[in-house]
Amino acid sequence: MTLALDTRTTSRDPAVTPRGDALISIIGLSKHFHVKLGAFGQTAAEVHALDDFTLDIRRGETLSLVGESGCGKSTAGFTMLQIHKPSAGQVIYGGVDLAQLSEDRLRPYRRKLQVVFQDPYSTLNPRMTVGEAIAEPLLFHGQATRGNITEKVATLLGDVGLSPRFAMRYPHELSGGQRQRVVIARALACGPEFLVCDEAISALDVSVQAQIINLFQDLQERYGLTYLFIAHDLAVVRHISDRVAVMYLGRPAELGPKRAIFSAPLHPYTKALLSAVPEPDPARERSRKRQVLSGDVPSPLDPPPGCRFHTRCPLAVERCRREVPAWREMAPDHFVACHRVGEAIPVPDAA
Ligand SMILES: Nc1ncnc2c1ncn2[C@@H]1O[C@H](COP(=O)(O)OP(=O)(O)O)[C@@H](O)[C@H]1O
Ligand code: SF4
Ligand SMILES: [Mg+2]
């Protein structure tokens with residue numbers, strides 16, 4: 001197969017271009033963790049968890065973030081939310097750069113930017129009732145008074161499909177799905193605009209996953225929420241996303257509308273990731289060739305120069321080892337960072 005693509009290169013980074021529909025603009029966002037190595041922690045080192053991440057998150061969309069474990073998805077989400085302080089870059093929300101704000105000045109924004117984690121056990125205090133857990137952020141942010149708190153908690157429980165009597169229960173009395181509903185109610189308590197769902201359904205049974213996905217979709221419709229949906233299950237990503245961003249070793253590899261990413265992926269890494277997703281059609285599934293990636297993901301302590309994927313990429317050439325590939329718009333709204341996409345070269349087909 002040969003690729004004959006439109007090779008326009010945008011003169012400005014597309015994601016930086018101001019868009020009327022961007023809720024959050026992330027510009028050159030990086031996060032390096034300082035760690036100590038060696039038996040006695042004598043060697044200082046830096047984990048390059050996120051490097052130069054630029055992207056707009058559009059109001060009301062579900063943008064999924066995918067990539068192998070350890071590639072920096074959670075770090076990207078937490079750095080956007082200022083749970084991790086960025087090492088460099090900007091997070092523009094409501095016309096301000098959150099990265100520049102002190103903790104005090106961040107507080108009103110924190111209400112609007114929430115996270116739902118994978119593990120509801122670790123998110124909920126086992127000694128607090130469900131009612132107390134949901135009341136806590138409401139009272140902390142001044143969104144309720146002692147007079148109306150019971151009513152507000154009951155409304156939030158109703159929003160996530162639980163009856164008001166759940167307010168008296170403790171987390172250990174709930175099923176996994178009910179606990180995750182409580183976590184979602186807590187995240188909703190202060191009227192957020194943006195939710196990072198970090199593997200928020202991964203720990204649940206498959207049947208419960210479907211219910212929680214439906215709940216996320218209902219809430220999005222009802223409250224106009226915007227989601228960054230971090231997941232490793234690409235079948236779920238295919239179902240829930242408007243757009244998909246693919247990351248490799250702390251850097252963005254590809255970004256595009258869901259349909260384009262799943263039906264016409266451009267980056268060799270995206271092709272390899274998607275080749276592991278089963279086809280719903282049994283005939284196509286039988287004839288499908290899998291593309292297995294060779295080698296391990298390199299360490300983020302010492303990421304490879306140039307294109308970080310070059311140590312595993314079947315198309316790597318000398319230039320890939322030297323030069324970081326530019327972020328290019330290859331089709332409307334479909335961006336990729338790969339030197340060789342757009343060249344008229346034979347490309348091994350992942351499908
Ligand atoms: N607090 C931390 N201190 C040091 N290293 C970290 C920390 N958090 C994450 N990392 C490292 O950063 C890299 C990216 O991690 P993470 O964002 O959790 O990846 P993912 O969510 O894609 O699995 C990993 O190598 C991880 O070990
Ligand atoms: S830039 Fe080179 S190494 Fe990186 S994905 Fe493209 S072809 Fe592969
Ligand atoms: Mg993670």
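In listed order, ligands and their atoms are each counted from 1.
The closest side-chain donor-acceptor pair between T226 and E61, if any, does not fall under 3.5 angstrom.
What sits closest to atom 9 (C) of ligand 1 on the protein, heavy atoms only, is F33 CE1, 3.6 Å. Closest to atom 16 (P) of ligand 1, if we only count protein heavy atoms, is T75 OG1, 3.6 Å. Residue, atom and distance of the protein heavy atom nearest to atom 1 (S) of ligand 2 are H339 N, 3.2 Å.
Atoms of ligand 2 lying under 4.0 Å from any heavy atom of F309, numbered from 1 in the order shown and given with element: 5 (S). Shown in contact with R340 at under 4.0 Å from a heavy atom are these atoms of ligand 2, numbered in order with element: 7 (S). Close contacts between ligand 2 and H310 involve ligand atoms 3 (S) [criterion: under 4.0 Å to a heavy atom]. Near C320, with a cut-off below 4.0 Å to any heavy atom, the atoms of ligand 2 are 1 (S), 2 (Fe), 3 (S), 7 (S). Near P300, meaning under 4.0 Å from one of its heavy atoms, ligand 1 places the atoms 25 (O).
Of the heavy atoms in C313, only side-chain atoms (C-beta onward) come closer than 4.0 Å to ligand 2.
The shortest separation from a heavy atom of S69 to ligand 1 is under 4.0 Å, placing the residue in contact.
In the hydrophobic clustering of this structure, F262 does not group with V236; members are Ile, Leu, Val, Met, Phe, Trp, Tyr whose side-chain heavy atoms approach within less than 4.5 Å, directly or through other members.
At a cut-off of 2.8 Å, S74 is counted among the residues with an N, O or S atom near the Mg ion (ligand 3). In summary, H267 places no N/O/S atom under 2.8 Å from atom 6 (Fe) of ligand 2, failing the contact criterion.
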For R58 and D333, what are the C-alpha separation, side-chain angles and deciding distance, and is it a salt bridge (Lys or Arg N to Asp or Glu O under 4.0 Å)?
-> CA-CA 12 Å; R58 298 175 188 161; D333 219 19; 2.8 Å; yes
